[in-house]
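Comments concern the structure below.
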Amino acid sequence: MPELPEVETTKRGIEPYLKGKRITNIVVRNASLRQPVTANIAECCKGQLILSVSRRGKYLLIATARGNLLIHLGMSGSLRIVPANSPPQKHDHVDLVVGKQAVRLRDPRRFGLFLWSEERLAEHPLLKNLGPEPLDAVFSAEHLWNVSRKRRVAIKNFIMNSHIVVGVGNIYANEALFMSGIRPTRQAGKISRDDFERLVINIRKVLKDAIRQGGTTLKDFRNEEGKPGYFAQELRVYGRAGEACSCCGERIKSKVIGQRSSFYCSKCQK
DNA sequence: ACAGTAACCTGTTTGC
DNA sequence: TGCAAACAGGTTACTG
């Protein structure tokens, strides 16, 4: 599910309910996510004042003076604001209780994470090797050029690699490559500087546009109010195999690249 | 160091 | 209609 725009939408949605409040409790109903929910997590952070809510890549970070909550939504996770006493549904695994309300993690596939960490975030194993934020200035054509030399992996896999740049998942990788006229199978090391310039611009554009629309809801993404995002209607190639290209009319092709379904126009993308 | 694959899970869609 | 297979937005551990 959630790529950067969906995580950013979630971050903006939950922030007003959390910032400046004290953590009342954390209720864990099912600790078996991709990693087990940190043992005794409630005792670790009960009573702590929430200083900030932020995002790094697809990770949500909730900071207190003693440590940080680190949440990842995996493939099927979502966070909602609910009354703390409302009955949980089948896949509602964890509640972060703040007063009479709770931020509730629902994650049917349990690929998500809900962790407590007292080490410096810059040192955290899940965060320390991440590449730049695509919406930061340090993410540039020069960066992509520098780290792609002699790399033979397909450009689509390359930009989905969080060590290269964070937050670009399958949907937006397909879209950004279409917008840039780059065939997703091309070797990263053979992309020209001009192509990288366009790719950087379009990765930023597609992510910003999707954030503006509240993210992309294919099936189960919901914001903190349980409402879907509206960017799906603006997707140009993702999920459109066999349809006419919006630019030239050619039929959109699909192909599995690196185990992920990929979509492109063979006329517009070389 | 790099590239490719399997694995972690469950729900929904597709095809016979 | 029923059942099994295929597929899904992410990440990482392992292999060669």
Side-chain angles (χ1 to χ4, degrees), chain A residues 1-10 29-37 55-60 70-79 89-94 105-115 124-131 134 146-177 184-190 203 206-207 210-211 213-223 228-235 237-242 254-263:
Chain A
M1 168 207 109
E3 304 184 31
L4 185 149
E6 293 73 40
V7 179
E8 179 66 22
T9 297
T10 301
R29 297 181 201 84
N30 185 349
S32 59
L33 303 182
R34 197 175 90 224
Q35 289 177 27
V37 175
R55 176 188 62 72
R56 175 76 174 100
K58 298 171 190 165
Y59 292 90
L60 286 163
L70 201 150
I71 301 169
H72 195 289
L73 301 176
M75 293 274 258
S76 60
S78 59
L79 295 176
Q89 297 186 26
K90 189 173 179 188
H91 301 293
D92 293 345
H93 306 310
V94 183
L105 173 69
R106 173 173 301 177
D107 186 5
R109 290 175 74 183
R110 289 192 276 122
F111 284 170
L113 296 172
F114 203 111
L115 301 171
H124 195 284
L126 291 169
L127 303 177
K128 67 179 179 187
N129 294 320
L130 293 179
N146 288 338
V147 295
S148 64
R149 294 309 84 195
K150 297 187 178 169
R151 297 289 295 266
R152 296 176 351 169
V153 69
I155 184 63
K156 175 163 176 277
N157 296 344
F158 189 71
I159 60 173
M160 288 175 67
N161 180 342
S162 63
H163 299 116
I164 305 300
V165 57
V166 298
V168 182
N170 200 29
I171 296 177
Y172 302 112
N174 278 297
E175 294 297 311
L177 288 166
T185 46
R186 272 176 60 194
Q187 290 183 8
K190 294 190 173 170
I203 287 173
V206 75
L207 295 176
I211 290 169
Q213 297 284 327
T216 297
T217 296
L218 294 184
K219 279 172 48 183
D220 41 23
F221 174 69
R222 291 292 185 276
N223 71 10
Y230 296 102
F231 194 70
Q233 61 202 30
E234 298 188 24
L235 298 175
V237 288
Y238 184 88
R240 298 196 182 280
S254 73
K255 179 185 173 79
V256 175
I257 304 170
Q259 298 170 292
R260 309 304 294 276
S261 51
S262 307
F263 304 87

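Remember, it's a predicted structure, so these values are computed and weren't measured experimentally. A, B, ... follow the sequence lines: proteins, then strands. Residue 1 opens every chain.
- Here A/Asn174 contributes atom CG and A/Lys156 contributes atom NZ; the two are 4.5 Å apart, rounded to the nearest 0.5 Å.
- For the OP1/OP2 pair of B/dT10 and a distance below 4.0 Å, the side-chain nitrogens and oxygens of A/Lys90 include no atom meeting the criterion.
- Residue A/Tyr238 is classed as a sugar-phosphate contact, given heavy-atom separations below 4.0 Å to backbone atoms only.
- Nucleic acid contact for A/Leu126: sugar-phosphate only, since backbone atoms but no base atoms lie under 4.0 Å from a heavy atom of the residue.
- Between A/Leu218 atom CG and C/dG10 atom C1' the separation is 14 Å, expressed in whole Å.
- Looking at heavy-atom distances under 4.0 Å, A/Arg34 makes contact with a base.
- Among the nucleotides C/dG10, C/dT11, B/dT10, the one closest to any side-chain atom of A/Arg110 is B/dT10.
- Contacts of A/Ser261 with the nucleic acid, taken as non-hydrogen atoms under 4.0 Å apart, involve only primed sugar atoms and P, OP1 or OP2.
- Place A/Gln259 and A/His91 on DNA chain B by their nearest nucleotides, and A/Gln259 ends up nearer the 5' end.
- When all heavy atoms of A/His93 and A/Asp107 are compared, the closest pair comes out as NE2-O, 2.9 Å.
- Between the side chain of A/Arg109 and the base of B/dC9, a donor-acceptor pair under 3.5 Å is found.
- Protein atom NZ of A/Lys128 is 15 Å distant from nucleotide atom C1' of C/dT12, rounded to whole Å.
- Separating the CG atom of A/Leu4 from the C1' atom of C/dT11 is a distance of 16 Å, rounded to the nearest angstrom.
- If you check every strand for non-hydrogen atoms under 4.0 Å, A/Phe231 touches nothing.
- Atom-to-atom distance recorded for A/Glu8:CD and A/Leu60:CG is 9.0 Å, nearest 0.5 angstrom.
- Residue A/Phe111 and nucleotide C/dG10 are classified as a stacked aromatic pair, their ring centres being separated by less than 5.5 Å at an interplanar angle below 30°.
- An OP1 or OP2 oxygen of C/dG10 is reached within less than 4.0 angstrom by no side-chain nitrogen or oxygen of A/His72.
- Distance A/Ile257 CD1 to C/dG9 P: 13 Å, rounded to the nearest Å.
- Comparing C/dT11 with B/dA1, their P atoms sit 22 Å apart, to the nearest whole Å.
- Heavy-atom contacts from other residues, nucleotides or ligands closer than 6.0 Å to CZ of A/Arg152 number 12 or fewer.
- Distance CZ/A/Phe111 to OG/A/Ser76: 7.5 Å, rounded to 0.5 Å.
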For DNA chain B, the expected dot-bracket line (Watson-Crick or G-U under 3.5 Å, [ ] crossing, | inter-strand) is .|||||||.|||||||
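- Between A/Leu115 and A/Pro36, the shortest heavy-atom distance links the atoms CD2-O, 3.6 Å.
- Among the atoms of the strands shown, only primed sugar atoms or phosphate atoms (P, OP1, OP2) are found under 4.0 Å from some heavy atom of A/Arg152.
- A distance of 6.0 Å separates CZ of A/Phe231 from OH of A/Tyr172, quoted to the nearest 0.5 Å.
- If you check C/dG9, C/dT12, B/dG11 against the side chain of A/Tyr59, the one that comes closest is C/dT12.
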Provide a list of protein-nucleic acid N or O atom pairs under 3.5 angstrom, restricted to nucleotides 13-15 of chain C.
none

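- Distance CD (A/Glu3) to P (C/dA8): 13 Å, rounded to an integer number of Å.
- Taking the six-membered ring where tryptophan is involved, the planes of A/Tyr238 and A/Phe263 are perpendicular, since the angle between them exceeds 60° and thus also 30°.
- Counting non-hydrogen atoms under 4.0 angstrom, A/Lys219 reaches a base of the nucleic acid.
- In this structure, A/Leu33 places its CG atom 11 Å from C1' of B/dC8, rounding to the nearest Å.
- Rounded to whole angstrom, the span from the NZ atom of A/Lys58 across to the P atom of C/dG9 amounts to 10 Å.
- For the OP1/OP2 pair of B/dA1 and a distance below 4.0 Å, the side-chain nitrogens and oxygens of A/Arg151 include no atom meeting the criterion.
- Residues A/Arg110 and A/His91 are not in side-chain contact: their nearest non-hydrogen atoms beyond the backbone lie 4.5 Å or more apart.
- Nucleotide B/dC8 holds its C1' atom 12 Å from the CD atom of A/Gln35, rounded to whole Å.
- The only member of A/Asn157, A/Asn170, A/Ile155 that meets side chain to side chain contact (heavy atoms under 4.5 Å, CB included) when paired with A/Ile257 is A/Asn157.
- The shortest heavy-atom contact between A/Thr217 and A/Arg222 is CG2-NH1, 3.4 Å.
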